[in-house]
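See structure below.
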Amino acid sequence: MGILDNLNDVQRAAVEYISGPSIIIAGAGSGKTRVITYKIAHLINLGENPFNIIALTFTNKAAREMRNRVETLIGGTEARNVWLGTFHSIFARILRVEAERLGFSSNFTIYDTDDSKSLMKAILKDQQLDDKKYKISTVLNRISTAKTNLISHVEYNNNQELMHADSESGRPKTGMLYTFYQERLRKANAMDFDDLLFNTNILFRDFPDILYKYQKRFQYVLVDEYQDTNFAQYLIVKKLAAANENITVVGDDAQSIYAFRGANIQNILNLEKDYPDLKTFKLEQNYRSTQNIVNIANSIINKNKAQFKKTIWTQNEEGDKLKLNATATDNEEGNLVARQIFDIINREKSKPSSIAILYRTNAQSRALEEALRRINIPYKIFGGMSFYKRKEIKDLLAYFRLAVNSKDEEALKRVINYPKRGIGDTTLDKIKIIANEKSLSLYEIITSINQYISLPQATEQKLLNFAVMIKASSIELKTKNAYDMAMQIAKSSGILQLLYEERNDDEGIMRFENVEELLNGIKDFSESQNDEEGSTELRTLPQFMEDIALYTDADEKDKQEGDFVSLMTIHAAKGLEFPYVFIVGLEENLFPSIMALNSREDIEEERRLFYVALTRGEKQVFLSYANTRYKWGNLTVTEPSRFIQELDTNFIDDETGLFEMEKPSEKNDFALERQSWSNLPKAVDISKNLKKLTKTSENKNTNIDEYEKIQVGVEVYHQRFGKGKVQQVDGIGADKKAIVFFANVGNKNLILRYAKLDLME
DNA sequence: GTATTATCTAAGTCT
DNA sequence: TAGATAATAC
């Protein structure tokens, strides 16, 4: 009967090793998730209580997948009781229970990155510090690094080295800002992402009884993607496992791509020191990819100095060679990729969902998106502007946040005058000053405003009305279900009405629909079964807010089933696999990123990222780069990535011919749309001609000479507006402007440099 | 206090 | 380019 029969020898040994510390070094595609889920299932089958098992992941998606797999393996509902979740969500859960000990109340808000930025901005303004010198992201990075390494604001300010470094970099007041930042968070009853880990550590450090409680509960500790843990996470895990030492960690140093966020590969080495009898298992057989992909990925990762010895191999078929392509522009890269995808779907009869396009930065998605849309290939972009980052959604959520935690300052600032209720900056500034003086939250000042300051009667009344509304929506939070509560707030705040009235253009309609979608989502949430024992316990708004506070872009993946091509960053693709993978934008300064050229360590992380990208592919991988690319509105000439030179050419398709091909310009692509797709040139390889291509700069199809051809009466083509006729021109060279009449949209005033017009012939 | 317009500035990966 | 902010008029 044994489920263990589905495992190979090493996997099985790792699963069966249940008492004592172990580390599983798992190469890409070697069945890492399989081992960890089988181990949980195995423990439960052996009679261990699911309540005594904790499994930590980095993404909700990984957690959900793991839970599903365990449930399938053991059947029944027992798996529900395993503490299985992300570091952040599990410890947020624990912190809510123990909040009082740390001086928070259990309804604390979790600030996201935007909240943190906005708070820091307010602090800089208060302190009258120049936000050019004190760049918000730099200051917050500093604070985040400190928290990750468990350095409190007090310790920070007493640390000579840190203070010195801050003076040297021209930001001597960073430590002070850290202190203010923490004070403001506390006043708002809020924690940021790093606090969830930092405060858990404080909790375990200062309250041995609490630590003991959780040590006793968690007899078995399992950690996924261990190479991505930072010091704070390492220490939490170490403390939890200290009593029983039944700890299992799974990781792959070659896939460590979060060092920028404090992840430390050293944690793997530390493990050997902490547990001298640590048992190591190495999973080296890849079940995912073809030999060509595995081989080329190995050839890349071997260029890194910092790595543990391991040899990934596969018994899979040799497969197709990788294809490498270059195009003249980023838009053409998009067109080429779209064409190749079209080909795969039609010739190979593959589903769009078997294909992924991976890129280094979110900004690259645009050209790809346009190309796919043009030839009607269904796609979905992950990351970037996610649903929960939209303004209208954040606005409504801010009201919910206020209802749950009225001290939440970022939420209050966001909506106190939205919809407009005549409470402007002047009034708010006065309130802020008093709040600072009295060290109270804005809401607390507003509720008894007449105690502190005399304002015009009308203003005072507006403030009190606002406070009453918030108060009213907080009263029934625990007795009403999430949907009823959300609906009530959406109405009483006036947001629903306002968005309803603003549906006078496409964007307005979209905004209203988004809010409807949110409310529908909350309805589903309210009606869904509670996790615990299938009871129909009331599901409340605070519970919903807890759910989405740690919700990320990557999590949208499983929500939306469907058949589409996936577009995402390589970071977001970690842990996923696709039969066909396109890796685009292989250019110096883009991949590797321009920010990562300073040190060997940074470059090696980029190389690991490339390794992760390559190993997502099951059947075939396509690589490409463009010779020119629009960056912040300017056309820049680019160079092929150094990683291309590092590829072992034995595994790359060596057809050439790109240079004999006519360089298609955008207008040609437009014409191609109506052409039969089967006649299109096959994807070709240019690896032999890299140098030649690099030096060929006349590829650029947008240059000054082109502008001169734009004259009155000339017919042009615009990407968005379509065909048009030039009515008037003004200026010279790159600054030239033209008024163009388009059939669809009428006259448009265009700056040629940006409009990227093509001539019609 | 609000709406509109002009100007500036940033541009990386994310729990 | 686009989003945020400052300046301006109402």
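Note: hydrogens, waters and symmetry copies are ignored here, and every other heavy atom, side chains too, is used. Please read all numbers here as calculations on a predicted model, not as lab measurements. Here is the naming used below: chain letters follow the sequence lines, and residue numbers restart at 1 for every chain.
- Between A:F610 and A:F643, the two ring planes are parallel [angle under 30°; tilted spans 30° to 60°].
- Going from atom CG of A:L463 over to atom C1' of B:dG1 covers 14 Å, rounded to whole Å.
- Every salt bridge (Lys or Arg N to Asp or Glu O under 4.0 Å) that A:E225 has, sequence neighbours left out, goes to A:K32, A:K574.
- Contact check, A:R366 against C:dA2: a side-chain N or O comes under 4.0 Å of OP1 or OP2.
- Salt-bridge formation is not detected for the pair A:E369/A:R366: no Lys NZ or Arg NE/NH1/NH2 atom is positioned less than 4.0 Å from an Asp or Glu carboxylate oxygen.
- When distances are taken from the side chain of A:H571 to each of B:dG1, B:dC14, B:dT9, the shortest belongs to B:dC14.
- The side chain of A:H88 lies closest to B:dT15, out of B:dG12, B:dT15, C:dA2.
- Atom-to-atom, NZ of A:K631 to P of C:dA2 comes out at 18 Å; the value is rounded to the nearest Å.
- The pair A:R373-A:E370 does not meet the salt-bridge criterion, since no charged nitrogen lies less than 4.0 angstrom from a carboxylate oxygen.
- Of the candidate nucleotides B:dG1, B:dT15, B:dG12, B:dG1 has the atom lying nearest to any side-chain atom of A:T426.
- Closest-nucleotide positions on DNA chain B for A:S593 and A:G424 were compared, and the one nearer the 5' end corresponds to A:G424.
- Distance, A:R421 CZ to B:dT2 P: 11 Å, rounded to whole Å.
- In this structure, A:R608 atom CZ and B:dT13 atom P are separated by 18 Å, rounded to whole Å.
- Following rounding to the nearest Å, A:F87 (CZ) and B:dC14 (P) show an atom-to-atom distance of 19 Å.
- Residue contacts for A:D194: at a heavy-atom cut-off of 4.0 Å it reaches no nucleic acid atom on any strand shown.
- A salt bridge links A:E333 with A:R629: the distance from a Lys NZ or Arg NE/NH1/NH2 to an Asp or Glu carboxylate oxygen falls below 4.0 Å.
- For the pair A:T569 and B:dC14, the criterion of a side-chain N or O lying under 4.0 Å from OP1 or OP2 is met.
- Among the atoms of the strands shown, only primed sugar atoms or phosphate atoms (P, OP1, OP2) are found under 4.0 Å from some heavy atom of A:F58.
- Side chain of A:E606, nearest nucleotide from B:dG12, B:dT15, C:dA2: B:dG12.
- Below the 3.5 angstrom threshold, one finds no donor paired with an acceptor across the side chain of A:Q364 and the base of B:dG12.
- For the pair A:R511 and A:D395, the salt-bridge criterion is not met [side-chain N within less than 4.0 Å of a carboxylate O].
- In this entry the distance linking NZ of A:K391 with P of C:dA2 reads 19 Å, nearest Å.
- Closest to the A:R261 side chain, of the nucleotides B:dG1, B:dT15, B:dG12, is B:dT15.
- Salt bridge absent: A:D114 and A:R414 never bring a charged side-chain N and a carboxylate O closer than 4.0 Å.
- Pairing each heavy atom of A:Y111 with each of A:E409, the nearest pair is OH-N, 3.4 Å.
- Counting non-hydrogen atoms under 4.0 angstrom, A:K132 reaches the backbone sugars and phosphates but no base.
- In the set B:dG12, B:dC14, B:dG1, B:dG1 carries the atom at the smallest distance from any side-chain atom of A:T427.
- Across residues 227-240 of chain A, not one residue has a non-hydrogen atom less than 4.0 Å from an atom of DNA chain B.
- Within the 4.0 angstrom heavy-atom criterion, only backbone atoms of the sugar-phosphate kind lie near A:K420; the bases stay farther away.
- Position along DNA chain B of the nearest nucleotide to A:T361 versus A:I423 favours A:I423 as the more 5'-ward residue.
- Atom CG of A:D112 is separated from atom C1' of B:dC14 by 12 Å (rounded to the nearest Å).
- Between A:N362 atom CG and C:dT1 atom P there is a gap of 20 Å when expressed in whole angstrom units.
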